Undergrad: 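Let me begin by handing over the structure; questions about it come next.
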Number of protein chains: 2
Amino acid sequence: MRFETSTIKDIAKALGLSTSTVSRALRDRYEISEETKKLVLAYAEKVNYRANPIARSLKERRSYSIGIIVSEIANNFFSQVINGIESIAYDKDYHVIISQSHESYKQEKLNVEHLASRSIDGLLIALSSETQDIDYLRSLYAKGLPIVFFDRVPKDFETHKVIANNFKGSFDATEHLILSGKRTIAHLTNSENLSITKERLEGYKAALVKYHIEFRPELVKYCQHGGMHSAELEQAVKELLPLQPDGIFISSDRLTTGCIMALKKTNPEVAHKIAIAGFTNSNLVELFSPSLTSVKQPAFEMGQVATELLISMIEAKRPVTEFETKVLDTELVKKR
Amino acid sequence: MRFETSTIKDIAKALGLSTSTVSRALRDRYEISEETKKLVLAYAEKVNYRANPIARSLKERRSYSIGIIVSEIANNFFSQVINGIESIAYDKDYHVIISQSHESYKQEKLNVEHLASRSIDGLLIALSSETQDIDYLRSLYAKGLPIVFFDRVPKDFETHKVIANNFKGSFDATEHLILSGKRTIAHLTNSENLSITKERLEGYKAALVKYHIEFRPELVKYCQHGGMHSAELEQAVKELLPLQPDGIFISSDRLTTGCIMALKKTNPEVAHKIAIAGFTNSNLVELFSPSLTSVKQPAFEMGQVATELLISMIEAKRPVTEFETKVLDTELVKKR
DNA sequence: AAAAACTGTGCAAACGTTCCCAAAAACGTA
DNA sequence: TACGTTTTTGGGAACGTTTGCACAGTTTTT
């Protein structure tokens, strides 16, 4: 069961030229006469010649493909990021290979190493909520694999990063809850490891400070698995409710939907009494009941920016030493 | 910016062996003595040798990767299918490359041809709602590319297919609406091109027949773009409402959520009066308001089965001539 | 004791490209 | 006419594997 296509050799033989001439003609090199180019191009067209990317990759020692690691594609935020990535990558003739960590460190590492061995030219990654040790990434990076982080970024890793303005997003959401009269605002958030967790917590705190509301640590609940396990979420909700919050600010897509689900399941009667604001890029929020205020991240754009940075690293002639961290603004969509 | 790794040559040189011996030792061939194998394996481990999959692909003329085409990954059904695909593929050491058609024929064709030129070993595809002409697939298939269709399958294409029991799923959903007292049941569905559209329409009709309800063609609305354009959906809803349906059965994930959205937007007052049943694999249905009865497809399993079939085709020594169409049961989740 | 069979290894070609280097062809110029 | 330049082409190695074949050394068979 094989797949026969014409090669440069075939064209060369048919036209009585050498493979080198054909190769150059196809790549439109200046050394080849217009006449020959036309000839070759026409024939290539006729036999529907497609360059073999595998052979090209082997020769050029690059694969024209970039790897992506996200926790889950079944997550609106990430699927939007991926769309952004693809929009740029395909334009620049790169292929993307998507892998899911499912919020597991082990899986993440495995996938990254798998991708690296498939000779990707660069990596775009949002860390899993479990990830603490990124030495394996450092070592790949040191060996020359360009890496750009997005959304969930590590500290102390000198490379390009693209993140949302998490502080401001959280601040705005929390402020919104306060301005609508809430005073006991809980905060349900991701694993403490994550950069986004810290930044969003800071935004939440800052809003409290601005309105002279005391910060109560017991109102903050961390979910190690980022809401992948419903038991974890239900437990958090169960611990939160006795404190009688009148508002709750939630710091990630999966947690937001999961939390509402847990609320409805365990305490349907209070679910509608608590004001909810949360990070989510779901395009279905309008259907949710109870309805909520959402913080939308510029996911598509984030993917685009990250990809542009990555490709610039890949195609840089000399090692890149100046790195930037792009911060993109979030959007607050108030509960209708 | 390059990535240096050790090769078989390096190992051979270091150990004073030939590359062929090393290659054979690594692949655990019988001809090589235990002693040499141990030596090679140990050294390979030590230098962290990773076979270059590109070189391997070139030599073996296969890439150990399979292509997937879905309309959108930001769709619970498809992302679950993809998870099923990955679960099998990774087990059998295949890589997957995901592409999105966004329900566009042009995009679908482009992506497939791109994948084919990247020498995928096989293709898993759910057709876009626009697709009518599948000659480009026939031609690739004829050239030897194994293809397995899932969910949206063509007629007259002799290969493996995996689908849900669309007839029964629709029948059950429609019957459920009837049994809860509805008599004027509209049907909002996808492009007429799609296999699922026809099958689901049949199930809907059969339920009507069983309960002696007249089939009224004007109650059926087709959406060419599968709900990708909200205008299309709103138009359909607008045309449907004057007929005063008391129930509506919707035939796809995207349409289901889109329809509820359109209903709420254009006629919020009636949105809650119409009973809704629809195909959807969203794990957020419990949050929706109005709530609905959903038909869930065995998405994960569908991905698994399709992948097993595809890999069996890829690895078949002789051309496969016996094809099967696997039909998997759906699950009706009644509105709570 | 010679022939046959088996074991373990190496040589070299091949997969389809790209690209360095050299050679040939075309053209000017003295 | 001869020679230098420029333009166009070809030869062949290389990228990292896999594998058919040959060969040397050992063991078994006749």
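Here is the naming used below: chain letters follow the sequence lines, and residue numbers restart at 1 for every chain. Quick note: numbers below take in every heavy atom, side chains included, and nothing from hydrogens, waters or symmetry partners. Keep in mind that what you see is a predicted model, and the values were worked out from it rather than measured.
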Undergrad: Side chains of Thr325(B) and Val162(B): closer than 4.5 Å at any heavy-atom pair?
TA: no

Undergrad: Tell me which residues in residues 14-30 of chain B lie within less than 4.0 Å of DNA chain D, going by non-hydrogen atoms.
TA: Ser20(B), Ser23(B), Arg24(B), Arg27(B), Arg29(B)

Undergrad: Determine whether a donor-acceptor pair (N or O, by modelled atom type, separation under 3.5 Å) exists between the side chain of Thr131(B) and the backbone of Leu127(B).
TA: no

Undergrad: Any side-chain N or O of Ser33(A) less than 4.0 Å from the OP1 or OP2 oxygen of dT9(D)?
TA: yes

Undergrad: Closer than 4.0 angstrom, basic N to acidic O: yes or no for Asp135(B) and Arg138(B)?
TA: yes

Undergrad: Does Phe157(B) have its ring centroid less than 6.0 Å away from the ring centroid of Tyr141(B)?
TA: yes

Undergrad: Is there side-chain contact between Leu309(A) and Glu324(A), with heavy atoms separated by less than 4.5 Å?
TA: yes

Undergrad: Quick check: do Val81(A) and Asp151(A) have side-chain heavy atoms less than 4.5 Å from each other?
TA: no

Undergrad: Round to the nearest Å and state the distance from Arg56(B) atom CZ to dG16(D) atom C1'.
TA: 12 Å

Undergrad: Once you round it to whole Å, what is the distance between P of dT18(D) and CG of Leu58(B)?
TA: 12 Å

Undergrad: Taking 5' to 3' order, which nucleotide of DNA chain C is first and which is last to have an atom within less than 4.0 Å of a heavy atom in chain B?
TA: dG8(C) to dG16(C)

Undergrad: Please verify the inter-ring angle class for Tyr64(B) with Tyr94(B); under 30° counts as parallel, over 60° as perpendicular, anything in between as tilted.
TA: tilted

Undergrad: Using whole Å, what does the distance between atom P of nucleotide dT8(D) and atom CD of Glu35(A) come to?
TA: 10 Å

Undergrad: Answer yes or no: does a side-chain N or O of Lys59(B) lie under 4.0 Å from OP1 or OP2 of dC15(D)?
TA: no

Undergrad: Does a side-chain N-to-carboxylate-O contact under 4.0 Å join Glu103(B) and Arg152(B)?
TA: yes

Undergrad: Classify Ser57(B) by what it touches in the nucleic acid, base, sugar-phosphate, or nothing, heavy-atom distance under 4.0 Å.
TA: nothing

Undergrad: Specify the residue among Ala55(B) and Glu31(B) whose closest nucleotide of DNA chain C lies further upstream toward the 5′ end.
TA: Glu31(B)

Undergrad: Hey, what are the protein-to-nucleotides 26-28 of chain D N/O distances that come in under 3.5 Å?
TA:
none

Undergrad: Within the supplied structure, the quantity of interest is the number of heavy atoms (other residues, nucleotides, ligands) at a distance under 6.0 Å from Lys37(A) NZ; does it exceed 12?
TA: yes

Undergrad: One pair to check against side-chain contact (heavy atoms from CB on, under 4.5 Å): Asp121(A) and Leu310(A). What are the steps and the verdict?
TA: CA-CA 9 Å; Asp121(A) 295 342; Leu310(A) 183 66; over 6 Å; no

Undergrad: Closer than 4.0 Å, any side-chain N/O of Tyr64(B) to the OP1 or OP2 of dT17(D)?
TA: no

Undergrad: How far apart are the C-alpha atoms of Val320(B) and Phe323(B), what are their side-chain angles, what is the distance that settles it, and do they pass the side-chain contact (heavy atoms from CB on, under 4.5 Å) test?
TA: CA-CA 8 Å; Val320(B) 183; Phe323(B) 299 106; 3.9 Å; yes

